[in-house]
Each structure stands twice: as structure tokens, then as C-alpha cells.
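What follows is a single structure, written as C-alpha cells, with notes after it.
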Amino acid sequence: MNYDPSLSRNLGFQKKEKMNVDLESLAEATSGAIGSLISTTILYPLDTCKTKYQAEARSSGRIKYRNLTDVLLEAISNRQVLSLYQGLGTKNLQSFISQFVYFYGYSYFKRLYLEKSGYKSIGTKANLVIAAAAGACTAIATQPLDTASSRMQTSEFGKSKGLLKTLTEGTWSDAFDGLGISLLLTSNPAIQYTVFDQLKQRALKNKQNNADKGTSPASLSAFMAFLLGAISKSIATCLTYPAIRCKVIIQAADSAEPTSKTMIKSQKTVSSVLYGIWKREGLLGYFKGLHAQILKTVLSSALLLMIKEKISATTWVLILALKRYLLLPRGRIKNL
């Protein structure tokens, strides 16, 4: 049997290409997860106020929170300011895992699509499908943590329970409350990252054309990444907000005041929650807290993407150094 040295070189090239894909996907996932961790921590008090405000539904015409600041004033008046951070550990864990899984899946599937299709860039439709698939995997993997963090945030100030107690006080299926609507909401990050990715490609088109092979890829400035992140998240939030509020109500903790708060909570289905909001609050009820949601999610996503972009640029240099460290010794051994 004749030995074809070109076959060996081709196999080696394919292995290196596969390693490149895996390492780059890992870099995307790590930088995205770190960005999520930092942005979640910075904006968590705002997130708690927003969640408690969204979870309230009118009952007998009584309203506990007329605006977002009422939640903050309640915490201050009850000397429970630190309770604005209740559930922070669970939220950070959920955010880190979900962003890692999402960015890894999104980056890997996108690179795989480009490799198999032979295209140089990915279209909007394919981008939406890939983003939705990555989001669905993320929702299933992190739903119990998502449910627990929502219950901890919507508990009365100073009465939040720990993660294990929150998850074990009901049935296992209760930990997956809102999974169906979470899968529906995979369209939110799908829209967000598709818009961001398309805007990013346009912003970096000239830089990418001038970049030399083997050098670190061009990256967005911090301000541009923040701006594009804010625009993309605003669009996604406005389109999916009614479903977002339904999810919050479904996952909210049981109220200590059943006559004044979320009577909808006992009804777990999406259709019953939608009907309950319509009956008690009317059409505008579907958009209660929209301004708070946009403020929080836009700032969070913009910070996340800004941090991710800056970390990714640095991480790419480290990956090239790591690849040389792992591959060069092997090449020298083969030449001996």
C-alpha cells in the first residue's frame, strides 16, 4: 500500500481546523458568560424592582406598586435595602450557565453552518434558526434556576428562601414552571443577537477586509458595542414583552397577601394568565412594566455585549498562543 503524505497533511489540517472551531466557540462562550455575570451583578437591584413590579396583577382594583420607584421605597421604608439583592447568587449562576451554553451553541452552530454550506457569511433566516436552537437548549438546561431566581426576587423583602429550599418546596415539575413560554421566548435572544450580529458585520466590514491573516480579528469599540447592544435588545424586548410578563407572573412566589396581589398566580397556563391580565388590567396590562424591562434589559445586554467584545479580542490572542503551545511540540516530535 502506497503512503500518500498529502493525505496525512490533509487530516492534520482538518484536525487543526476542528480545534480552531472548538477553541473559538469556547472563547465566545467564556467571554459571554463573564460579561453576563458582571452586568447581572451591577444591575441586580433594578432587576429585583422590575420583577416585583411586573409580577403584581390587579385584584379588586387595588394596586400595591404604581411605578418602579414604589418597590424601591418599600425596601427603604422597611429597612430591607439589602433584600434588593435577594437571589443574586442564584441569578448569577443561572446567567453564567445560560450565557455560556448559549454563546457556545450559537458560535459552534454558526461556524458549522458556514463550514458545511460553504458560504462566507450567514443570512438572517439561518441566523434566526441557529439562535433559536441555541436558546432552546439554554432554556431547558437552566429552567429550574430561572424559576428559583424569580421566586426569590418576588418574595416579600427579607423573607426570601435559599436555592435548595426554593426548589424542593414544591414538586419537580414546579421547578419547570414557565418552560413552555421560556421556549417561546427563545425568539427574544434570537432576534437580539441576529440584529446585533448583522449590525456588527456592517460596522466591521472595512476592518475585516484590511485585517491580515493570523492576526487578532477586528473588534468593536466599547461605545459602539454598547450602542448596537442597546438597539438590538430594544427591538427584541418590544416584540416579545407580553410573553415576558406572562412568564414573570407564572414563576412569581405566592403572595403573603392573597387578596391584594397576584390572584393569577394559581393559574399556571399561559392562556389563563393572558385572560387574567385582560380581565383585570385590559390591553395595556400586557405592557405593564415595559419601560422598566427595556431599561434593565437594554443596559444589561449592552453591558454584556460590550464586555464580551473586549474580552473576546484579548482572549483571541491567548488562544493563538495556546494553540502554538499545544501544537508546536507535537510537530517537533514528529520531525525527530
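Values below: all heavy atoms of this structure, side chains included; hydrogens, waters and symmetry mates excluded.
- In terms of modelled atom types and a separation under 3.5 Å, the side chain of Thr147 and the main chain of Gln251 share no donor-acceptor contact.
- Under the 4.5 Å side-chain heavy-atom criterion for grouping Ile, Leu, Val, Met, Phe, Trp and Tyr, Leu82 is not connected to Leu72 through any hydrophobic cluster.
- What you find for Ala55 and Thr154 is that their closest heavy atoms are CB-CG2, 3.9 Å.
- Residues Leu204 and Ile231 fall within the same hydrophobic cluster, defined by Ile, Leu, Val, Met, Phe, Trp and Tyr side chains chained together at heavy-atom separations under 4.5 Å.
- Using a 4.5 Å cut-off between side-chain heavy atoms of Ile, Leu, Val, Met, Phe, Trp and Tyr, with links allowed through other members, Tyr53 and Leu284 fall into different hydrophobic clusters.
- The minimum heavy-atom distance between Gln86 and Ser160, with the atom names listed, is OE1-CB, 3.5 Å.
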### Task
Apply salt bridge (Lys or Arg N to Asp or Glu O under 4.0 Å) to Asp47 and Lys50, showing your working.
CA-CA 5 Å; Asp47 186 41; Lys50 182 267 304 179; 3.3 Å; yes
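- By the rule that hydrophobic residues join a cluster once side-chain heavy atoms approach within less than 4.5 Å of another member, Ile97 and Leu164 end up as members of separate clusters.
- Scanning all heavy atoms of the two residues, the minimum distance from Tyr85 to Thr41 falls at CE2-O, 4.5 Å.
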### Message
Evaluate Leu295 against His291 for side-chain contact (heavy atoms from CB on, under 4.5 Å), listing each step before the verdict.
### Response
CA-CA 6 Å; Leu295 176 62; His291 63 290; over 6 Å; no
### Task
Go through the steps to decide whether Ser182 and Gln143 satisfy the test side chain to side chain donor-acceptor pair (under 3.5 Å), and finish with yes or no.
CA-CA 8 Å; Ser182 292; Gln143 187 63 35; 2.9 Å; yes
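- With hydrogens and angles disregarded, no donor-acceptor distance shorter than 3.5 Å links the side chain of Thr40 to the backbone of Leu37.
- Counting heavy atoms from C-beta outward, Thr240 and Leu184 have side chains that stay 4.5 Å or more apart.
- The closest side-chain heavy-atom distance from Ser150 to Val248 is not below 4.5 Å.
- For the side-chain hydrogen bond (donor to acceptor under 3.5 Å, both in side chains) with Arg151, the qualifying choice from Asp146, Thr90, Asp177, Asp174 is Asp177, the only one to do so.
- Leu84 and Leu43 end up in the same hydrophobic cluster when Ile, Leu, Val, Met, Phe, Trp and Tyr side chains are linked at under 4.5 Å.
- In the displayed structure, Tyr286 atom OH is contacted under 6.0 Å by more than 12 heavy atoms of other residues, nucleotides or ligands.
- Between Val71 and Phe157 the shortest side-chain heavy-atom distance falls below 4.5 Å.
- To the nearest 0.5 angstrom, Leu114 atom CG is 5.5 Å from Ser117 atom OG.
- Contact annotation: the side chain of Ser107 never approaches that of Phe103 to less than 4.5 Å [non-hydrogen atoms, C-beta and beyond].
- Nearest heavy atoms, Ser39 versus Leu303: CB-CB, 3.8 Å.
- Taking each heavy atom of Thr186 and Leu183 in turn, the nearest pair found is OG1-O, 2.5 Å.
- In this structure, the side chains of Val273 and Ile181 stay at 4.5 Å or more apart for every pair of heavy atoms.
- In this structure, Tyr44 OH and Ser149 OG are separated by 6.5 Å, a value rounded to the nearest 0.5 Å.
- With rounding to the nearest 0.5 angstrom, the NZ atom of Lys91 is 11.0 Å from the CE atom of Met152.
- Note that the OG atom of Ser95 and the OH atom of Tyr102 stand 14.5 Å from one another [nearest 0.5 Å].
- To the nearest 0.5 Å, atoms SG (Cys246) and CG (Leu185) are separated by 9.0 Å.
- At a threshold of 4.5 Å between non-hydrogen side-chain atoms, the residues Asn188 and Ile244 count as touching.
- A 4.5 Å side-chain heavy-atom check between Leu163 and Leu145 finds at least one atom pair inside the cut-off.
- To the nearest 0.5 Å, the span separating CG on Leu73 from OH on Tyr65 amounts to 11.0 Å.
- The one candidate from Gln54, Arg245, Lys288, Lys233 that meets the side-chain hydrogen bond (donor to acceptor under 3.5 Å, both in side chains) condition with Gln293 is Gln54.
- Shortest non-hydrogen contact noted between Ala139 and Leu179 is O-CD1, 4.1 Å.
- Taking the side chain as every heavy atom from C-beta outward, Thr48 and Thr51 never approach each other to under 4.5 Å.
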### Message
Before you tell me yes or no, could you show the steps for Tyr108 and Ile130 under side-chain contact (heavy atoms from CB on, under 4.5 Å), namely the whole-Å CA-CA distance, both residues' side-chain angles and the distance that decides it to 0.1 Å?
### Response
CA-CA 10 Å; Tyr108 180 80; Ile130 291 173; over 6 Å; no
